[in-house]
Amino acid sequence: MGSTQLPPGTEETLAATTAAAAAPGEPVEMVQLLGPDGKLGTDPIFSDYAKRIDPEKLRVFYTDMARIRRFDQEATALQRQGELALWVPLTGQEAAQIGSGHASQPQDYIFPTYREHGVALVRNVDLAELLKQFRGVSNGGWDPRENNFHLYTLVLAAQTLHAVGYAMGIQRDQKLAAAQDSTDSKAAVIAYFGDGASSEGDVHESMVFAASYNAPVVFFCQNNHWAISVPTEVQTKVPLANRAKGYGFPGIRVDGNDVIAVHAVTEWALEHAREGRGPVLIEAYTYRVGAHTTADDPTKYRESAEEAAWREKDPLDRLEKYLRAEGLADEAFFDQVDADGDELAKYVRSTTHGLEVPDIREAFANVYAEQHPLIAEELAWFEEYSAGFESDEETAN
C-alpha cells in the first residue's frame, strides 16, 4: 500500500496529545483500541487507521501471533534439550511485533535486536534459518538483503545507530531519485530496542542524529518492564515515550498487547517518516512473560502475582475474544491455526537437528575480505596444533 496523506489536523492533534511532559511517577496517555476484554474502543487519530484493517487481516494477525508463540515454545524446548546454545523468548510481546511488522512495507528496512522473532516471521525470514545463530553454526543465518530485515544484533543498542545511518542514506537516495523524477516508493527504517537498551548512550546519540537530519526512522521501543532483572522504574523516571520531546519529534505510548493499536500507530509513524516529517518514537507498553533468556530465572527478581496480572492482558486472548464475538472466525479457524503451529514446530525441530557444524577453518577465511599474513600465520599454527592430536591417536592405536 502506498503512502497515505495524513488527515487534516492529525499533526496538530498528535502534537497536542504528546505536548505535556508527565512529571516523574505520573501516567502518560496510552493509545489502546482493543482492550483485554476483547472490546474495540475508539481513538481520535488512530481509529481511522484501524478501520483500514479488514477481517482477513485480523485473522492474519492472530495466525501470526499464534505461530510465533508456538515457535517460541519449540525453540525454548530445543535449548533445554541442548540443541541450542541459548534462546531469547518473546512470549507476551507478540502483538507489539506482529502489529508493527505488518505495518511496514517491503521497501522499508528493519533493524532488530535479538528478540524480534515475530517481525522476522512477518518479513518472511525462514524461522529455521533464524536458529542458526543460536545453535552457533552461523553469525547470522539469513541474507538481510532478501527481506530488508537485518541480522540480529547482540551488542545492546548498536542497531539504533545503524538504523539512523541507513535512514540518512535512504534520505539521500530519495533526494536523488526525486531529482531524476523516479517513481520508486518512498521508504523508512524501523529500529527495535528494549527499555533496558534505552539507557545506553547509543540510543541518545541515534535520536540526536535522527532529529538533526530529519531522518526517516521510527524508533520502536518494546517496554517489556524488565531489563533482565532491572525494572523500568529504575531505567527511567518518566515514561519512555516522553523522551522524544527532548529531541523535538513525536513520542507515542501504545498498548503493546493490542495488535490493532500497534499496527495503527506504527502505520501512522512510518507514513510520517516516509513523507519527510522526521523520526517518531513508539513505546510499546508490554510485558516479557518468560525469562530474559534461557540463562535467566525471573523468579529471582519479580513476583508471580505481577506475571499473573499481565497474563490477563494476553495479546492472543483479547484478539480471539474479538474475533469470536464479531463472528469473524469460527472453531475450524482456531483448530487450523493450532495445527499449522504444530507443523511449524516439527519443521523447525527437524531442520535444526539437520544443521551441520561448519569447518572451523571458515572462521579464519571470514576475518578479512582478502588474505592477511597474520591470519595465515594463525591458521598455520592451528593446523599444526590439530595435527598433534592426530599423531597422538595414531600412537594410541
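Counting from 1, the numbers follow the sequence of the chain as shown.
- Applying the ring pair (Phe, Tyr, Trp, His ring centres under 6.0 Å) test to residues at least two apart or on different chains, none of the pairs has a partner in residues 168-189.
- To the nearest 0.5 angstrom, L281 atom CG is 8.5 Å from I252 atom CD1.
- For the pair R70 and D340, the salt-bridge criterion is not met [side-chain N within less than 4.0 Å of a carboxylate O].
- Linking ILVMFWY residues whenever their side-chain heavy atoms come closer than 4.5 Å, directly or via other members, leaves V122 and V60 in distinct clusters.
- Separating the CG atom in L58 from the CD1 atom in I260 is a distance of 5.0 Å, to the nearest 0.5 Å.
- Considering only residues two or more places apart in sequence or on other chains, F219 meets the ring pair (Phe, Tyr, Trp, His ring centres under 6.0 Å) condition with none of them.
- Considering only heavy atoms from C-beta on, I190 stays 4.5 Å or farther from I282 through its side chain.
- More than 12 heavy-atom neighbours from other residues, nucleotides or ligands sit within 6.0 angstrom of NZ on K57.
- Considering only heavy atoms from C-beta on, F71 comes within 4.5 Å of L130 through its side chain.
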Assess whether side chain to side chain contact (heavy atoms under 4.5 Å, CB included) is satisfied between L151 and N139, documenting all intermediate values.
CA-CA 9 Å; L151 298 175; N139 291 326; over 6 Å; no
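- Panel note: side chain D64, backbone G118; no donor-acceptor pair is recorded below 3.5 Å.
- Identified under the salt bridge (charged side-chain N to carboxylate O under 4.0 Å, His left out) test for residues 348-364, with sequence neighbours left out: E74-R349, D359-R361, R361-E383.
- A side-chain hydrogen bond (donor to acceptor under 3.5 Å, both in side chains) check over residues 114-126, counting only residues at least two apart or in different chains, returns the pairs S104-R123, T113-E116, R115-H292, E116-Q222, H117-Y152, D126-Y347.
- For E271 and R52, the salt-bridge test passes: some basic side-chain N is under 4.0 Å from an acidic carboxylate O.
- Ring pair W226/Y301 is tilted by interplanar angle, where 30° to 60° counts as tilted.
- Listed for the S100 side chain is a donor-acceptor partner under 3.5 Å among the backbone atoms of Q97.
- Under the 4.5 Å side-chain heavy-atom criterion for grouping Ile, Leu, Val, Met, Phe, Trp and Tyr, V218 is connected to I45 within one hydrophobic cluster.
- Nearest approach of A264 to A50, heavy atoms of both residues: CB-N, 4.2 Å.
- The two residues W142 and P144 have their closest heavy-atom pair at O-CD, 3.2 Å.
- Under the 3.5 Å distance criterion, the side-chain polar atoms of N223 are left unmatched by any main-chain donor or acceptor of E283.
- Applying the 6.0 Å contact sphere to CD of Q371 captures no more than 12 heavy atoms from other residues, nucleotides or ligands.
- Inter-residue side-chain proximity for N214 and P279 is flagged as met; some heavy-atom pair is nearer than 4.5 Å.
- The main-chain N or O of V238 is found under 3.5 Å from a side-chain atom of T236 such that the two form a donor-acceptor pair.
- Residue F249 qualifies as enclosed at atom CZ: its count of foreign heavy atoms under 6.0 Å is above 12.
- In the model, T91 has a side-chain atom that pairs as donor or acceptor with a side-chain atom of D72 under 3.5 Å.
- Rounding to the nearest 0.5 angstrom, the gap separating the CD atom in Q336 from the CD atom in E343 is 9.5 Å.
- Side-chain atoms of Q174 come within 3.5 Å of backbone N or O of A187 as a donor-acceptor pair.
- Under the 4.5 Å side-chain criterion, counting only non-hydrogen atoms from C-beta, R80 is not in contact with W87.
- Here the closest heavy-atom approach between residue G256 and residue V262 is recorded as CA-CG2, 3.9 Å.
- For the pair D108 (side chain) and Q105 (backbone), a donor-acceptor distance under 3.5 Å is present.
- Shortest non-hydrogen contact noted between S47 and D43 is OG-N, 2.6 Å.
- Side-chain atoms of R67 never come within 3.5 Å of backbone atoms of L121 as a donor-acceptor pair (strictly under, hydrogens ignored).
- The same ILVMFWY cluster, assembled from side-chain heavy atoms under 4.5 Å apart, contains both L316 and F333.
- Counting only residues at least two apart or on different chains, the salt bridge (charged side-chain N to carboxylate O under 4.0 Å, His left out) pairs with a member in residues 132-148 are E83-R135, E129-K132, D143-R145.
- When the side chains of ILVMFWY residues are joined at heavy-atom separations under 4.5 Å, either directly or via intervening members, L328 and F334 end up in a single hydrophobic cluster.
- To the nearest 0.5 Å, the span separating CG on L127 from OG1 on T351 amounts to 10.5 Å.
- Side-chain contact between S206 and V164 is present, with at least one heavy-atom pair separated by less than 4.5 Å.
- One N or O on the side chain of D195 and one on the backbone of N224 form a donor-acceptor pair closer than 3.5 Å.
- Under a cutoff of 6.0 Å and an axis angle of 45°, R59 and Y62 do not form a cation-pi pair.
- V348 has its side chain within reach of T352: a pair of non-hydrogen atoms, C-beta onward, lies under 4.5 Å apart.
- Classification of the F61-H102 ring pair by plane angle, with boundaries at 30° and 60°, yields tilted.
- The neighbour count for L374 CG, taken as heavy atoms of other residues, nucleotides or ligands under 6.0 Å away, is above 12.
- Side-chain contact between P106 and N148 is absent, with no heavy atoms from C-beta onward closer than 4.5 Å.
- Listed for the Q32 side chain is no donor-acceptor partner under 3.5 Å among the backbone atoms of A261.
- Here the two rings, on H263 and Y49, have centers that are 6.0 Å apart or farther.
- Counting non-hydrogen atoms of other residues, nucleotides and ligands closer than 6.0 Å to CG of D342 gives a total above 12.
- Contact between A210 and V217 at its shortest, heavy atoms only, is CB-CG1, 3.8 Å.
- Here the side chains of P112 and V119 are not in contact, with every heavy-atom distance at 4.5 Å or above.
- The cluster map of Ile, Leu, Val, Met, Phe, Trp and Tyr, joined by side-chain heavy atoms under 4.5 Å apart, puts I110 and L154 in the same cluster.
- Considering every non-hydrogen atom in both P315 and G92, the closest pair reads CG-O, 4.0 Å.
- Evaluated for a side-chain hydrogen bond (donor to acceptor under 3.5 Å, both in side chains) with R318, the options N257, D255, D258 yield exactly one hit, D255.
- Between atom CD1 of residue I68 and atom OG1 of residue T63 there is a gap of 12.5 Å, rounded to the nearest 0.5 Å.
- Side chain of K186 to backbone of A273: no donor-acceptor contact under 3.5 angstrom is found.
- Partners of H150 under the ring pair (Phe, Tyr, Trp, His ring centres under 6.0 Å) rule, at least two apart in sequence or in another chain, are Y109, F111.
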Can you check side chain to side chain contact (heavy atoms under 4.5 Å, CB included) on V337 and E320, steps first, answer last?
CA-CA 12 Å; V337 169; E320 179 178 351; over 6 Å; no
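- Note on ring orientation: taking the six-membered ring where Trp is involved, the planes of H272 and W268 are tilted (angle from 30° to 60°).
- The line from CE of M65 to CG of D317 is 9.5 Å long, rounded to the nearest 0.5 Å.
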